[in-house]
Amino acid sequence: MLITVNGVSREVDPGLTLAMLVLQLAGESGRDQRGIAIERNLEIVPKSEHASTVIEDGDKIEVVQFVGGG
Amino acid sequence: MTDPLIIAGKSYNSRLIVGTGKYQTYQQNADAARAAGAEIVTVALRRVNLSDPNEERLTDFVKPDEFTYLPNTAGCYTADEAVRTLRLAREAGGWNLVKLEVLADQKTLYPNMPETLEAAKALIADGFEVMVYCSDDPVYAKMLEDAGCCAIMPLGSLIGSGLGIMNPVNIRLIVEQTRVPVIVDAGVGTASDAAIAMELGCDGVLMNTAIAAAKDPIRMANAMKHAVIAGRDSYLAGRMPKKTYADPSSPLAGLI
């Protein structure tokens, strides 16, 4: 199924949870993703619900983190 | 002699808040923040770069356990965008203390005050402690204070301009009427600008480009630290009155 992550279309398997998506995005780096926040269809999904939230076809997901800024 | 800056009930020893943008590296950024003696740093919220998971991260250099993160809304042009951004920032970091800025125009980055006030009210109702970037208009500054903002942060001059404190009269009016901290945010270009802001009675100064764009950012950070301390002491000491004519420093009696 097709979803949008940070503005880019992405093909993912049905049944994928947000937690699994985050792991995929971290790729081989294996670095922790504690500093991120996720928005799904303009609604914030709390960290405690990443593992239980199943992504649906057409979802628009934003994954954000802190960067340098003034 | 302690003279803490108290924002939203929390006490800080440093009156200099620094940004984390425009540095050559995050390492230089961290070194500058330490040289400035800063306890609070502003940070922005952006999409994770999915094409490069190994990209350097701010949080690995300017660490949230060493500095208080102050998430901003830079790049937001409506109240809704700003509120959305800070709710995500709260989810990412768990902090309620935020810097609200709603911009009006890309050329000047001047604040859009009606949108800023609307966003401030929405954020405060949602439990945020809002430090607010604003114009140097005392009327709007008062509205923001009355809405419950925990710090009023008028611009000295345009963001990134380095033009200094362009309207000291208005900054002073805001200082005199405001009961929460007043922090000059934006416009400081060099150390004397920071000292002038503090001598006007401001409670602190927030800057980014003045340090990041200096030829030697670490040294400039150190200069800014001293300027803010000197300006604060000068304000508290109370300057001598100005006079039109000379007044000799040496005694006139006993002249040979």
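In what follows, chains carry the letters A, B, and so on, assigned in the order in which the sequence lines appear, proteins first and then strands, with residues in each chain numbered from 1.
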So which part of [X] gets closer than 4.5 Å to some heavy atom of chain B, the side chain, the backbone, both or neither?
X	result
A:Val45	backbone
A:Ile38	backbone
A:Glu62	side chain

Check your understanding: Which pair of heavy atoms, one from B:Leu58 and one from A:Gly68, lies closest together, and at what distance?
Key -> CD2-N, 3.9 Å
Review point. Which heavy atom of A:Val64 sits nearest a heavy atom of B:Leu45, and at what distance?
Key: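 Closest approach of A:Val64 to B:Leu45, heavy atoms only: CG2-CD2, 3.6 Å.
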With a 4.5 angstrom heavy-atom cut-off, which part of [X] approaches chain A: side chain, backbone, both or neither?
X	answer
B:Tyr26	side chain
B:Ala89	both
B:Tyr69	side chain
B:Lys99	side chain

Highest number of heavy-atom pairs under 4.5 Å with chain A: which of [options]?
options	value
B:Asp185, B:Thr42, B:Asn208	B:Thr42
B:Leu88, B:Leu206, B:Leu70, B:Val43	B:Leu88
B:Arg90, B:Arg47, B:Glu91	B:Arg47

Point to revise | Geometric class of the B:Trp95/A:Phe66 ring pair [parallel <30°, tilted 30-60°, perpendicular >60°] | key: tilted
How about [X]: does its [atom1] atom have over 12 heavy atoms from other parts shown lying under 6.0 Å from it?
X	atom1	result
A:Glu43	CD	no
B:Asp105	CG	yes
A:Met1	CE	yes

**Study point:** Step-by-step side-chain contact (heavy atoms from CB on, under 4.5 Å) determination, A:Leu25 to B:Val48
**Key:** CA-CA 9 Å; A:Leu25 298 178; B:Val48 170; over 6 Å; no
Point to revise | Side-chain (A:Asn6) to main-chain (B:Asn49) donor-acceptor, under 3.5 angstrom | key: no
